[in-house]
There are 2 protein chains.
Amino acid sequence: MVNENEINEFMPLREVVFLTLRKSILRGELLPGERLMEISLANKLGVSRTPIREAIRMLEHEGLVVMKPRRGAQVAKITTQELNDVLEVRKSLETLAILKACERMTEEDIAAMRQAERRFESFVADKDSDLTELAEADVAFHDTIYQGTKNRRLIQILANLREQMYRFRIEYLKDADMRSSLVTEHKAIIEAVCSRDSDKAVRYITEHIDNQQRVINASIEAASED
Amino acid sequence: MVNENEINEFMPLREVVFLTLRKSILRGELLPGERLMEISLANKLGVSRTPIREAIRMLEHEGLVVMKPRRGAQVAKITTQELNDVLEVRKSLETLAILKACERMTEEDIAAMRQAERRFESFVADKDSDLTELAEADVAFHDTIYQGTKNRRLIQILANLREQMYRFRIEYLKDADMRSSLVTEHKAIIEAVCSRDSDKAVRYITEHIDNQQRVINASIEAASED
DNA sequence: CCAAATATTACTGTATACAAAATATTGAGA
DNA sequence: TCTCAATATTTTGTATACAGTAATATTTGG
């Protein structure tokens, strides 16, 4: 939709601001509830209020910020309820995605998926790789599946739902055991897709998401005890 | 998300402009490919360019307009491919919705659903009722199911997907036979939900969407022959 | 009369200015 | 010292101004 992510010099400032603010929110640099004040943001980023406001409109529509009437924007708070709502939808759409991927992935698509998995695996093997790299490699792997569905709308919605959970994805990547079991799960998914075995693929992806859900809920429980 | 739809006088102009433009696009008054020029829109709506631009940012993020670099916004074109992409996702999420509705709808929710259906039925019976009323009553019926899921994210995404197809929904309501079969389908869905029979409910809702898909694709075929 | 070069126009992208509203602050009186 | 009102400050919402670029019209040479 908006996002092709190549920051070239012809990209409008609003896009740059949008990407910058979104990254800050998803990485937790801007905390939930924090106010986004236009003038200070404008000063910090060295632009005027106009592109700041337009970026906020985009973030608002994506659900990452909420507008308080006459009080401006603040970073959206995520409740356990909302997170589980997202996961419920996501599980359904991930299932649809893997089904369609089984039907529609070409040999090249499958090669790209294997390639992405190998990359993720190498980051897991490397003890020095940081969480951001790891998370990106995981995203890239799942993206190859999404792309395999050939359904642009599905790709877009899934990418969006994933972003809503970025902060929590980081959590479950901290655990080394979790990482290696992710590799196992990825490989099972790949094999199922390769043999076009949609029943198996659905089973594995469901398990994959369920595992994530468990870890995320546990980490929220832990966090709410602070 | 953005949309609580009560146009009160404290609503920012950007919201009013956003809702106005969206309605125009969905009702086909602004045609696909048509350019949205800021100054003329500003003059027409009696506001300055600022709220127009912010509304365009929201529409852009919703996918209803696309930005051509340095050429501004134009109404997004919908291809058959895109429409079928939307329908594929929608079928999956409608299925999820009816499942969760079976689990979670309260007696009041079910009463509201029956009520909405009766209203739709009376519009169908009335030969004078216009298509817009009919479409709204149909929307209201399905909304009661969405609300029954208690999943705000799901409600929001389904509402959004439905909007993408507004133009085509009108098509299949033109046929009187179609309308009465809609009533039958609605009733079947209600009974399944009432008895918490999720298998049956899923079967009926799938059929419901499949019927829509058939009619819409037929109407697009017909239209593309112009 | 046609084509290329140039001038003009129109529109976007960005910055800034101004008004109204909300919030914070100050000060007077009890 | 506390409370409440008046004032100041901050911040949003909207309008407008200005610059740069792409599209279009115009002119000029062949």
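Chain naming here is simple, since letters A, B, ... match the order of the sequence lines and numbering starts at 1 in each.
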Would the distance check show the side chain of [X] and the main-chain N or O of [Y] forming a donor-acceptor pair, the cut-off being under 3.5 Å?
| X | Y | answer |
| --- | --- | --- |
| A/Arg179 | A/Lys174 | yes |
| A/Asp85 | B/Asn151 | no |
| B/Asn43 | B/Ser40 | no |
| B/Glu15 | B/Pro12 | no |

Presence of B/Thr50 side-chain N/O under 4.0 Å of D/dT14 phosphate oxygens OP1/OP2: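 Checking B/Thr50 against D/dT14: no side-chain N or O falls below 4.0 Å of OP1 or OP2.
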Under 4.0 angstrom, heavy atoms only, what part of the nucleic acid is B/Leu36 near: base, sugar-phosphate, or nothing?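 Here B/Leu36 touches the backbone only, sparing every base.
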Assign A/Arg71 to base, sugar-phosphate, or nothing according to its heavy-atom contacts below 4.0 angstrom with the strands shown.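 Counting heavy atoms under 4.0 Å across all strands, the contact made by A/Arg71 is with sugar-phosphate only.
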In whole Å, I'd like the distance from the [atom1] atom of [X] to the [atom2] atom of [N].
| X | N | atom1 | atom2 | result |
| --- | --- | --- | --- | --- |
| B/Arg14 | D/dA15 | CZ | P | 13 Å |
| B/Glu38 | D/dC18 | CD | P | 18 Å |
| A/Asn43 | C/dA15 | CG | P | 12 Å |
| A/Ile52 | D/dT12 | CD1 | C1' | 14 Å |
| B/Arg57 | C/dG13 | CZ | P | 7 Å |
| B/Arg53 | C/dT16 | CZ | C1' | 15 Å |
| B/Arg35 | C/dC11 | CZ | C1' | 7 Å |
| A/Leu41 | C/dA15 | CG | P | 14 Å |

Both A/Ala73 and B/Arg49 contact DNA chain D. Taking the nearest nucleotide for each, which residue is further toward the 5' end?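 Looking at DNA chain D, the more 5' nearest nucleotide goes with A/Ala73.
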Earlier contact from the 5' end, DNA chain C, for A/Glu54 and B/Met37: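 Final value for this comparison: B/Met37.
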Nucleotide nearest B/Pro51 (side chain, heavy atoms from C-beta), chosen from D/dG13, D/dA15, C/dT14: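 The answer is D/dA15.
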Selection from C/dT14, D/dT16, D/dT12 that lies nearest to any side-chain heavy atom of A/Ile39: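 Nearest listed nucleotide: D/dT12.
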Flag the pair B/Phe120 / B/His142 as yes when their ring centroid distance falls below 6.0 Å, and as no otherwise.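 Not under 6.0 Å, so no.
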